[in-house]
Asker: 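I am attaching a structure below and will ask some questions about it afterwards.
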Number of protein chains: 2
Amino acid sequence: MARTVGLAPSAVLERLRKLEGRGIVQGYAALVAPRTVGLGQLAFVAVRVSGTGEQEESAGARLAAVPEVLEVHHVAGDDCYLLKVRTSDAQHLGTLLRQRLGRIPGVVSTRTTVVLETVKETVRLPLGPSTRQGDGSADDPRAATAVAR
Amino acid sequence: MARTVGLAPSAVLERLRKLEGRGIVQGYAALVAPRTVGLGQLAFVAVRVSGTGEQEESAGARLAAVPEVLEVHHVAGDDCYLLKVRTSDAQHLGTLLRQRLGRIPGVVSTRTTVVLETVKETVRLPLGPSTRQGDGSADDPRAATAVAR
DNA sequence: GCTGAAATAATGCCTTT
DNA sequence: AAAGGCATTATTTCAGC
């Protein structure tokens with residue numbers, strides 16, 4: 001990284017530690033190709049939840065506790081939650097929907113979108129100048145300035 | 001990692017290099033909290049594409065070339081592509097949909113699902129024994145055995 | 001907030017088990 | 001497939017500016 005940005009290694013390390021301290025860098029990960037570890041089936045599942053706000057939150061937490069469920073997003077519109085799910089195959093996906101997700105209290109229905117092929121999938125955020133409109137609306141007031149520094 | 005798994009550092013390094021060589025570990029990344037860098041708006045966009053298979057592929061590649069588009073999945077069902085998109089805010093999202101995505105040849109319509117709150121978002125794959133059914137159906141025949149070794 | 005030197009740790013390569 | 005030894009190289013710490 002130091003070579004890439006043309007800075008002394010110690011300076012880069014100091015900046016990284018500060019980014020970690022501010023919660024901007026949340027951690028580090030090895031990126032594993034899902035297919036190669038027997039997780040060839042990707043799907044998005046829209047989950048409709050009934051009941052009060054408290055019951056909905058409880059269902060969200062239960063959905064998030066399932067290992068195959070990589071992402072749980074509370075979305076606007078008819079469906080309460082949108083899930084990103086990885087399984088070995090379609091059969092495993094079906095089992096998961098019926099045996100694990102369908103049995104969570106409050107879950108009324110699920111609508112599954114099967115992924116046939118992934119064209120792009122990255123964790124690299126668009127940090128270029130072209131995408132730098134808006135900003136500053138983050139919850140943490142330090143966040144906006146931290147980018148500019 | 002060596003301390004975590006209770007193995008000699010040299011052994012762990014050797015295994016990592018082999019995993020990289022087999023394409024199982026594809027790379028390493030620092031995980032950056034999107035909100036803290038002015039990317040507080042997450043959305044999923046279903047894109048309908050017209051035309052022949054060749055034209056569809058071209059549209060997929062153009063969608064993937066947009067930095068704010070983190071993921072492009074070819075999905076079963078009415079909509080051709082499902083996108084994961086990160087922008088600074090709703091305004092930026094609207095601009096992106098009209099000015100960038102809507103102008104790609106072959107794109108007929110877009111249906112956007114706005115994320116209100118993300119409950120869970122991880123890159124950690126479910127590798128536990130409970131999720132180890134199916135397997136072996138990967139394209140690369142080495143992939144299935146690589147896990148078992 | 002960056003540099004540079006010194007201490008500390010990781011890596012690549014080898015042999016052995 | 002993993003451990004251990006060892007030379008090389010990288011990372012981390014720590015003044016100093």
Asker: Taking side-chain contact (heavy atoms from CB on, under 4.5 Å) as the criterion, tell me which of A:V115, A:V119, A:T113 meets it with B:H73.
Answerer: A:V115
Asker: Closest to the A:K18 side chain: C:dG1, C:dC2, D:dA2?
Answerer: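 In terms of side-chain proximity for A:K18, the closest of C:dG1, C:dC2, D:dA2 is C:dG1.
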Asker: Taking NZ, NE, NH1 and NH2 as the nitrogens, is one of them in A:R35 or A:E121 under 4.0 Å from a carboxylate oxygen of the other?
Answerer: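 Looking at A:R35 and A:E121, the cut-off is not met.
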Asker: What is the distance, rounded to the nearest whole Å, between atom CG of A:L7 and atom P of C:dG1?
Answerer: 12 Å
Asker: Can you list every pair that meets side chain to side chain donor-acceptor pair (under 3.5 Å) and has a residue in residues 37-66 of chain B, with sequence neighbours left out?
Answerer: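 Checked against side chain to side chain donor-acceptor pair (under 3.5 Å) - neighbours excluded - the pairs reaching residues 37-66 of chain B are B:R48-B:D79.
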Asker: Students often get this wrong, so: under 4.0 angstrom with heavy atoms, is B:A8 touching a base, only sugar-phosphate, or nothing?
Answerer: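 Counting heavy atoms under 4.0 Å across all strands, the contact made by B:A8 is with sugar-phosphate only.
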Asker: Compile the donor-acceptor pairs under 3.5 Å between side chains in residues 3-11 of chain A and protein atoms, sequence neighbours left out, one pair per line.
Answerer:
none

Asker: Just jot down the side chain to side chain donor-acceptor pair (under 3.5 Å) partners of B:K120, sequence neighbours excluded, or say none.
Answerer: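 With sequence neighbours excluded, B:K120 shows a side chain to side chain donor-acceptor pair (under 3.5 Å) to no residue whatsoever.
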Asker: How would you list, by chain and number, every residue that makes a side chain to side chain donor-acceptor pair (under 3.5 Å) with A:R17, sequence neighbours excluded?
Answerer: A:E20
Asker: Let me test you: for the helix from C:dG1-D:dC17 to C:dT17-D:dA1, what is the angle between the axes at its two ends (five pairs each), rounded to 10 degrees?
Answerer: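 Inter-axis angle at the termini of the helix from C:dG1-D:dC17 to C:dT17-D:dA1: 40°.
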Asker: Check B:R86, B:H92, B:Q91 against B:S88 for a side-chain hydrogen bond (donor to acceptor under 3.5 Å, both in side chains) and give me the one that passes.
Answerer: B:H92
Asker: Could you give the CZ-to-C1' distance, from A:R15 to D:dT11, as a whole number of Å?
Answerer: 18 Å
Asker: Between the protein and nucleotides 6-17 of chain C, list the N/O to N/O atom pairs that are separated by less than 3.5 angstrom.
Answerer:
residue: C:dG12; atom: OP2; partner: B:R17; partner atom: NE; Å: 3.3

Asker: Do A:L16 and A:Y28 touch side chain to side chain, with heavy atoms closer than 4.5 Å?
Answerer: yes
